[in-house]
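Report on the following structure.
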Amino acid sequence: MMAYIVRRAIYSIPILIGVNVLTFLLFFVVNSPDDMARMNLGLKRVTPEAIENWKQERGYHLPLLYNASAQGTARLTETVFFQKSVKLFRFEFGSSDSGRDIGYDISQRMWPSLAIAVPVLIVGLLVNISYALLIAFFRATYIDFWSVVLCVVMMSISGLFYIIGGQYLISKLLHLVPISGYDTGLNSIKFLILPAIIGVIGGIGSGTRWYRTLFLEEINKDYVRTARAKGLSETRVLFRHVLKNALIPILTGVVVILPLLFMGSLITESFFGIPGLGSYTIDAINSQDFAIVRSMVFLGSVLYILGLLMTDISYTLVDPRVRLS
Amino acid sequence: MSKTLLRISNLKTRLGDAGNPVYAVDGVDIEVRKGEVFALLGESGCGKSMTALSAMRLLPPSGTIVEGQAYLGDTSLFDLPEREMRRVRGGRMGMIFQEPMTSLNAVVTIGEQIGEAVRLHDRDSRDAVSRRVVELLRSVGIPDPERRAREYPHQLSGGMKQRVMIAIALAGRPSLLIADEPTTALDVTIQAQVLSLLKDLQRDTGMAVLLITHDLGVVSEVADRVAVMYAGQIIELAETRKFFRQPAHPYSRKLFRSLPSLGNRGQELAVIEGSVPRLNQRFSRCRFRERCDQAQEICAQQAPAWSETALGSGVRCHLFEHLPALSALSGKRATENHAGSAEQAGNLLEVEGLRVHFPIHKGVLRRVIGHVKAVDDLSLSIAQGRTMALVGESGCGKTTAGKGILQLIRPTAGSVRFDGDDLTRLPAGKLRARRADMQIIFQDPVASMNPRMLVGDIILEGMQAQKIGVSRTERQARIRDLLDRVGLSVDAADRYPNEFSGGQRQRICIARALAVDPRFIVCDEPTSALDVSVQAQVLNLLKDLQHQRGLSYLFITHNIAVVSYLAHEVAVMYLGRIVEQGTVEEVLQSPRHPYTQALLSAVPAIDPVLGRSVIRLEGDMPSPANPPRGCHFHPRCNKGVDSCRSAYPDPVRLSQTHRVSCFRIEPESI
Amino acid sequence: MISQLVILWTDALIFLLITLAVAFGVYASRKAHLRRPWGLVVRSRVGVGTMVVLAFYLSVGVLDSIHFHPAAESPDSAGKVIYSSEIISLFDSMVSGLRARQEKTYSAPLATHLYAKESTEQADGSTIRDFPRLEHGGSHLSDPDQRDADIVRLSAIGILKGLAVSVVAANILIVLLAVAARRTFGERAREVLSANTEIPWRVVLTVLGMMLVITFWSAELASRYHILGTDKVGEDVFYQALKSIRTGLVIGTLTTLVMLPLAIMLGIMAGYFRGWVDDLIQYVYTTLNSIPGVLLIAAAILMLQIYMSNHAEEFNSLVERADLRLLFLCIILGVTSWTGLCRLLRGESMKLREVDYVQAANAFGVSHLQIIGRHILPNVLHIVLITVVLDFSGLVLAEAVLSYVNIGVDPTMNSWGNMINSARLEMAREPIVWWSLAAAMIFMFTLVLSANLFADVVRDAFDPRLGSSR
């Protein structure tokens, strides 16, 4: 079992290298640093000196892969690839194009992201599972039918609408909580509650429908018939047997996204002005700060791969068939 | 005090909605007496399981009980509120199902699953419950019950799981146990264990058993009385002994004559033509009329009523008093074997030391740490026009052996000489050209044909690949011939596989194999997914083809009856190796290897008068990844000697044809 | 009108897609295993209802995909037709009124006055600040107070027209049905109206009628008013919402078209051949998949922006440039979404290669390519179809989000995302400007809901796991 996990962990190394090379190609080969400089400085009145200057400040003046003018190992290390891409493996993100330390920013901004993402995940999971269980209990009745209709309608509404509608209704008309902003400590709750609620509501449609399918798939299995033949009541069958089996795919599905919670939600954070990693990314995209986007791409991949690894481990924890084989 | 425990009267159960109803159970009356084993016998789809599920009120969502009553003792089951019914379920009535593999919850321990049932029916303390769980596990013959109680279902073998199911059903101390095909998914030796367990339990506790099965052998082994079901109705009811001596209904009679056995080797098996009528109609005639060779005018005009033939037995047939005696009916003699000439023709196929090993990877670097020796040193030869049966229980490697011979799985070692060529060394191109000579027929009639292709195209595929027939018309004519040959109408070519029944599909598969004019066919359990009456059609066809075309078969099966009917030679496989081989007479009539003996004795006998003792094999077949040292069979063998533990026995030649791998056999002078 | 045809990249792909869809339809109609599930789809009430709605969207989208340079008003001196450098679509020319009637700035739906006060000079020389009359919206009215009555009148006319057309359409349909079934018109009509037909024609007629009434009603009103108001620069919001349909459809369909060949080929190859082929393909898709989709799209679009701004001279017009960006967005969305399908197909092919009929084909010595083409591909096609249909609505929704983050379609292109994005900035205004947002939401919601419901029906019909009960 341990060997399997170690193997999976080792397997993630070539994937990370792949991601790294891919981002390097995307950011430095498709467009040369000169192009970036020209874009960043504005197209008009760009002098070669200004470009050179811009590159120098940000360390893009080095050759891409091989530095013929350097000595020894520096021929390889004094390059854009080494300085900008390889160092990512050590989580040295360097500084952004506007000169800020990315590593510091990330460590500061991940907490607000978590403060919104974790409650949304937990409450959302509880709401969706309970609702799906309710539907499964009343399967093949009108409650089932209309719940599914409701779910389809809810998932057909754009997430943007939930946010804008929620802000308008709760903050603007009813003045219950501020429209946007953030504070530290407990004060942040009044800023977080609305985005959290909206996040949960926005996920009900697809979440509940997916869980309902899982439950119904389980309910038709043979072991459920055995449980009924014992004389168990329908609720016991549902909670003890069906839920326990359906939780395996649900939990492992959750585990894979756990690490990605750090990345925050782009849309929610920017709408509500929460200074998390999501809005950080958006700001970087809008101000065309390549260093930040590059770092976030790499960080996201690392977290995703971590999620995959955790999924493998969680399977061995929750499923006796995997654990004991 | 009445002797009746369960009385079901005029039960009608509908599947599907009222708009398109299927009457799966259509007016069934049965009576199960206290302490008896009552068998409900019928082919798939006849409504026997639905009858039981109706009594338990565990029908699937699409099923409804339309009419009828069910009394357990004095309790009217269909009038109980669901709450009360739950107390009956698992309390006074327990039930076990066909598929022990899927019928247990994979993520809950065995002990917990049994304990749950115990707690429902007597409210004991924690300790008392776990004591009772262990006691139950012990009573169903599970060794080391304390440890097993903490294990999960996947850690148990199929037979063990079925024992656990029985333990669950026994938890409420039921007075009636409903067993729905309890041994169908199990191997014969395990089936024998489970059946004798059921019989013992029934004797010890005095509960009644309602046994649902399609297997006449099982009925004759354990049942006191038997009811035969056909198309949603009971058509015959009798005491088991009487039933086997003198079946009354034409269907029952024909069923007996369609059973293959050593006795009717030379004959064609009786075939029940056609198929069971669809149950989405109302009948105003006898349901069996179309398939009955005794049918008269009255059978088409009115549905036969139930006629009591003696106390507690009866039959649903207009003609039961006028039917000829069973002995007067004997099968057509089939054209006799031209085996004599074949033997001189020499061997078509010679397999020497065939090994198919699958590597087991483990560790960080996925190093190969061992092999699953699915087939290990297998040697056999088949002559032109002869049938070699490869017999063994599931997991013994017989299917892998068949595929290894055909090079569908590349063997690890050994040689397969086919008509002079060693197939294992042929380059891919030559092997491809050789494939016309050897074909395969599979077990599952559903999976063996691409559902997206027309039957005609399915048969055409082989001809195209082997470039047989030049023009389109020539090939089309050939397809028509083949379909005709296997007894299907020509228009079948323009239909899809799913429009055919299991038996018809299997015949299409035979036609497909014949399309390339093979000389040798591997038949991989071709009849084990089929009902007895349909099995007979396929066996007749295979036998016919052999006579006409001089085909050689490697017939892979676990069904001894089929072997005795069809095969010339038999090889018995255990854990990747052949333990005994010889002619049918040698192996089946005087088996020498302890495993062959146990296997044969475990087969339920149709004729209950012949008293016999079942050699019970303890435990399950070990894993081929980790076979026992020495003789693979010694841990389960009751005749083992010391040398069995240290080395694998070499085959001992008992006659020109008979070879056995066992230390306890001395070679006889030939 | 003589005009010069322009074929944009996405236009060409859309027509390719339509050709493929028609070809698939012809192929499917000849294969019973494909005809049967489609039969189930058209027998479902939800299925046919949503099909009618989707057909309306589709026809707007297709009309909007035929682009050309319109001829200038007057030929030049030599009598030669001069083409305007502007590129418009067939749809634009059909609703040219909507396009031309620009106001100064915001106006509310059906308003007669602008939404912002303006200083106007009176005849007497004094200036007053008031809401000025719109140049086009309701300009035919001499007195703005007549507006309500006028709206009622126009609505009545529009609805009546719509009803009339529906009745005609219904009659034509019933005649066709009667001819096809060789029955009299009366019999067939009774069957249809009592919902006594195999295909629920009554639902078709009801939905068709509703859509026609809405179309004619809005057309009637839109000829005099801005029925959904105007935006900041005075453009008609109704027109924008209609133009956005094409963008949504392109994103929803072309993305899949782009990714399909790759996903199908690699997925089947990985599952069928196993070994190092499998390892390699798995490595590729795990790597691609591990980059969070939004970030990959963001990075790619950023790079595209740089490229476009540095090579501005390569693009003839804004429309072409926006079109290329749209295509590029489809490609990059495809790159981020093909892995899911690829993995599904890999798993399925892995199961299929062990199935008896593939083994039987092996036993005949059939080649790998033929086995894949004859046995594997037809048996995974339903997965492809279900995925395509299920993905559609997600992609339409994704467009809105991406455009909102500025990594979606070109800002000059009409899209619901851009509409929402620009409207968001006005949410803080007092009184609130809500109509752009509402229009985008309603149009998007209708499309996505129909697509979701349709996808459900298709999945139920095609998924063999669900089909065992039939």
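In what follows, chains carry the letters A, B, and so on, assigned in the order in which the sequence lines appear, proteins first and then strands, with residues in each chain numbered from 1. Please read all numbers here as calculations on a predicted model, not as lab measurements.
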*Answer with side chain, backbone, both or neither: which region of B/D524 has an atom nearer than 4.5 Å to a non-hydrogen atom of chain C?*
neither
*Only counting residues at least two apart or in another chain, list the ones meeting side-chain contact (heavy atoms from CB on, under 4.5 Å) with B/R14.*
B/A18, B/P21, B/Y23, B/T64, B/V66
*B/M463 versus chain C, the contacting section by heavy-atom distance below 4.5 Å*: neither
*Checking B/E461 against chain C: side chain, backbone, both or neither under 4.5 Å from a heavy atom?*
both
*Check ring-ring contact (aromatic ring centres under 6.0 Å, His included) between C/Y272 and all other residues, then give those that pass, not counting sequence neighbours.*
C/H368
*Check ion pair C/R190-C/E187 (N to O, under 4.0 angstrom)*: no
*Heavy-atom pairs under 4.5 Å with chain C are the metric here; pick the option from B/M438, B/M449, B/R434 that has the most.*
B/M449
*asked:* At a 4.5 Å cut-off on heavy atoms, which part of B/R512 comes close to chain C: side chain, backbone, both, or neither?
replied: both
_Can you see whether B/S528 engages B/Q443 through a side-chain donor-acceptor pair at a distance of less than 3.5 angstrom?_
yes
*Before accepting this row, confirm whether a basic side-chain N of the pair B/D421/B/K430 lies closer than 4.0 Å to the acidic partner's carboxylate O.*
no
*Indicate whether the side chain of C/E348 and that of C/H382 have a donor and an acceptor atom separated by less than 3.5 Å.*
no
*Could you tell me which portion of B/Q407 (side chain, backbone, both or neither) has an atom closer than 4.5 angstrom to a non-hydrogen atom of chain C?*
neither
*Does any heavy atom of chain C fall under 4.5 Å from the side chain of B/A436, the backbone, both, or neither of them?*
neither
